[in-house]
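The chain is numbered in sequence order, starting from 1. Please read all numbers here as calculations on a predicted model, not as lab measurements. Because only heavy atoms are used, hydrogens play no part in the values below, and waters and symmetry mates are left out as well, while side chains stay in.
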Amino acid sequence: MLETESIVLKLRKEIVLFIVEDDQGHYLLIKNCLRRAGIDNDIVWFEDGQAVLDYAFKDSLLDGGKRYIMLLDIRMPKVDGLKVLEQIKQNDATREIPVIMLTTSEDRDVAHQCYELGCFAHIVKPPGDVLLRAIQRVSERY
């Protein structure tokens with residue numbers, strides 16, 4: 001269970017959170033952490049990297065009136081998080097989406113690679129308060 005301080009966040013309603021996570025249990029932990037912190041924004045779950053890329057690029061479903069924050073697992077089937085991050089940051093339509101990488105690994109080389117590709121933050125699971133503070137920083141700049 002994730003323990004969090006009494007961090008309460010209110011994001012602008014137009015912000016949609018994408019959680020890209022292949023493990024349903026991890027997805028539910030992240031979602032519950034966000035809800036306990038007062039985030040009641042729309043959350044869209046993608047079970048693998050290819051699903052989020054299809055949504056963002058092929059289907060052209062990104063709404064110009066919305067803003068997005070992506071919480072992206074690194075190790076996933078089909079397309080891993082590093083490839084997703086790279087493609088998101090290379091595309092004009094999605095480049096400005098803040099991406100927070102989530103991983104079970106504390107590998108500094110992978111973290112460095114994430115930052116080089118343009119992620120906003122690299123967080124080791126379980127995310128808890130670290131994730132909430134990163135989302136707060138993103139939303140203040142976004």
Assess the residue pair Ile74 and Leu102 against the criterion (side chain to side chain contact (heavy atoms under 4.5 Å, CB included)); give the C-alpha distance rounded to whole Å, side-chain angles, the decisive distance to 0.1 Å, and a yes or no. CA-CA 6 Å; Ile74 292 178; Leu102 302 174; over 6 Å; no
Cys119 and Ile100: CA distance, side-chain angles, deciding distance, side chain to side chain contact (heavy atoms under 4.5 Å, CB included) verdict: CA-CA 6 Å; Cys119 81; Ile100 298 173; over 6 Å; no
Could you walk me through whether Asp22 and Arg75 satisfy the salt bridge (Lys or Arg N to Asp or Glu O under 4.0 Å) test, starting with their C-alpha distance in whole Å, then the side-chain angles of each, then the deciding distance to 0.1 Å, before giving a yes or no? CA-CA 8 Å; Asp22 62 309; Arg75 294 189 179 132; over 6 Å; no
Begin with the C-alpha distance, continue with both residues' side-chain angles, and end with the deciding distance and a verdict on side chain to side chain contact (heavy atoms under 4.5 Å, CB included) for His122 and Thr103. CA-CA 8 Å; His122 176 274; Thr103 182; 3.3 Å; yes
Stepwise side chain to side chain contact (heavy atoms under 4.5 Å, CB included) check, Met101 with Ile123: CA-CA 6 Å; Met101 303 300 291; Ile123 297 172; over 6 Å; no
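Put simply, Val110 and Val124 are part of two different groups of oily side chains (I, L, V, M, F, W, Y) that touch within less than 4.5 Å, one to the next. No continuous path of ILVMFWY side-chain contacts below 4.5 Å connects Val20 to Tyr115, so the two sit in separate hydrophobic clusters.
Remark: Leu71 CG to Leu17 CG distance equals 6.0 Å, nearest 0.5 Å. Summarising the geometry, atom NZ belonging to Lys78 is positioned 8.5 Å from atom CG belonging to Asp54; distances are rounded to the nearest 0.5 Å. Separation of atoms CG (Leu29) and CD (Gln24) is listed at 11.0 Å; rounding is to 0.5 Å. Here the straight-line distance linking atom OG of Ser139 with atom CD1 of Ile39 works out to 8.0 Å at 0.5 Å rounding. Gln87 CD to Arg95 CZ: the interatomic distance, rounded to the nearest 0.5 Å, is 13.0 Å.
Checked by atom type and distance alone, the side chain of Arg108 never pairs as donor or acceptor with a backbone atom of His112 at under 3.5 Å. Using modelled atom types, no side-chain atom of Lys125 and backbone atom of Asp73 make a donor-acceptor pair closer than 3.5 Å. Looking at Tyr27, its side chain never comes within 3.5 Å of a backbone N or O of Phe46 through a donor-acceptor pair. Judged by distance alone, with hydrogens and angles left aside, the side-chain atoms of Arg67 form no donor-acceptor pair with the main-chain N or O of Glu14 at under 3.5 Å. Side-chain atoms of Asp80 do not come within 3.5 Å of backbone N or O of Met76 as any donor-acceptor pair. A donor-acceptor pair under 3.5 Å links the side-chain atoms of Asn41 to the main chain of Arg12, judged by distance alone. Formation of a donor-acceptor pair under 3.5 Å by the Trp45 side chain with backbone atoms of Glu21 is found in this model.
Between Lys31 and Ile43, the shortest heavy-atom contact is CG-CD1, 3.9 Å. For the pair Leu85 and Leu72, the tightest heavy-atom approach, listed with the atom from each and the gap, is N-CD2, 3.9 Å. Listed here is the closest heavy atom pair of Gly49 and Val84: CA-CG2, 3.5 Å. Cys114 approaches Leu82 most closely through the heavy-atom pair SG-CD2, 3.5 Å.
The aromatic rings of Tyr68 and Phe18 lie tilted to each other, with the angle between the two planes from 30° to 60°.
Contact of the Leu53 side chain with the Val79 side chain is registered, since non-hydrogen atoms from C-beta on lie closer than 4.5 Å. Here the side chains of Leu117 and Ile88 are not in contact, with every heavy-atom distance at 4.5 Å or above. Proximity of Ile30 to Leu131: side-chain heavy atoms (C-beta onward) are separated by under 4.5 Å at one or more points. For the pair Leu11/Asp40, no side-chain contact is recorded, criterion being any heavy-atom separation below 4.5 Å from C-beta on.
Within 6.0 Å of the CD atom in Glu106, the count of heavy atoms belonging to other residues, nucleotides or ligands does not exceed 12. More than 12 heavy-atom neighbours from other residues, nucleotides or ligands sit within 6.0 angstrom of NZ on Lys89.
For Gln113 and Asp109, the side-chain atoms include no donor-acceptor pair closer than 3.5 Å.
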